[in-house]
Amino acid sequence: MDTKLKEALEAKNPLIYAADDNGIEISYKGSVKNILSLVGTLMLSVSLESEIPLDSLLVDLTSSTTAALKEYEELKERKAGKN
């Protein structure tokens with residue numbers, strides 16, 4: 001893992017992260033500003049390590065976030081319909 005990213009992850013508390021062959025999982029509770037800072041640091045590190053342009057990563061992040069929000073809303077609607 002990139003040294004700067006590791007330092008940033010270790011500096012944030014409370015933070016839990018795990019890396020394996022499938023990727024990295026981050027669980028963090030904090031202010032929106034701190035979370036966005038962490039996401040930005042992660043994206044920059046991934047961009048530098050993988051040589052994927054940062055704007056391409058931003059498009060991927062936006063797409064996956066939109067899909068996750070849609071899935072969450074559908075799940076919420078299904079749960080509301082059952083009650």
Side-chain angles (χ1 to χ4, degrees):
M1 182 181 296
D2 179 77
T3 306
K4 287 183 182 179
L5 176 60
K6 187 174 181 181
E7 289 172 3
L9 290 173
E10 290 172 351
K12 307 286 184 185
N13 288 320
L15 174 72
I16 301 167
Y17 73 97
D20 60 21
D21 292 339
N22 296 322
I24 185 170
E25 182 177 321
I26 299 173
S27 176
Y28 178 74
K29 292 184 180 179
S31 69
V32 172
K33 181 179 177 181
N34 288 344
I35 291 170
L36 290 175
S37 174
L38 182 64
V39 169
T41 302
L42 178 62
M43 288 180 63
L44 183 58
S45 179
V46 168
S47 177
L48 293 173
E49 290 291 321
S50 64
E51 298 181 359
I52 298 172
L54 195 54
D55 59 343
S56 177
L57 289 176
L58 182 59
V59 169
D60 291 345
L61 176 65
T62 304
S63 297
S64 62
T65 302
T66 302
L69 286 172
K70 183 178 178 183
E71 186 177 309
Y72 172 76
E73 289 298 322
E74 289 172 355
L75 179 63
K76 199 164 87 174
E77 287 174 7
R78 284 196 300 267
K79 283 184 179 179
K82 289 182 180 178
N83 293 335

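Just so you know, these numbers come straight off a predicted model, no measurement behind them. Start at 1 with the first residue, then count along the sequence.
Residues Asp60 and Ile52 are not in side-chain contact: their nearest non-hydrogen atoms beyond the backbone lie 4.5 Å or more apart. A 4.5 Å side-chain heavy-atom check between Leu75 and Lys79 finds at least one atom pair inside the cut-off.
Applying the 6.0 Å contact sphere to CD of Glu73 captures more than 12 heavy atoms from other residues, nucleotides or ligands. Atom CD of Glu74 has more than 12 heavy atoms from other residues, nucleotides or ligands within 6.0 Å.
For Ser45 (side chain) and Thr41 (main-chain N/O), no donor-acceptor pair under 3.5 Å exists by modelled atom type. Distance alone, capped at 3.5 Å, places no donor-acceptor pair between the Ser37 side chain and the Lys33 backbone.
The nearest pair of heavy atoms linking Met43 to Leu54 is O-CD1, 3.7 Å. Nearest heavy-atom pair across Ser47 and Pro53 is OG-C, 3.9 Å.
The distance from the OG atom of Ser64 to the CG atom of Leu69 is 9.5 Å, given to the nearest 0.5 Å. Glu49 CD to Leu44 CG: the interatomic distance, rounded to the nearest 0.5 Å, is 10.0 Å.
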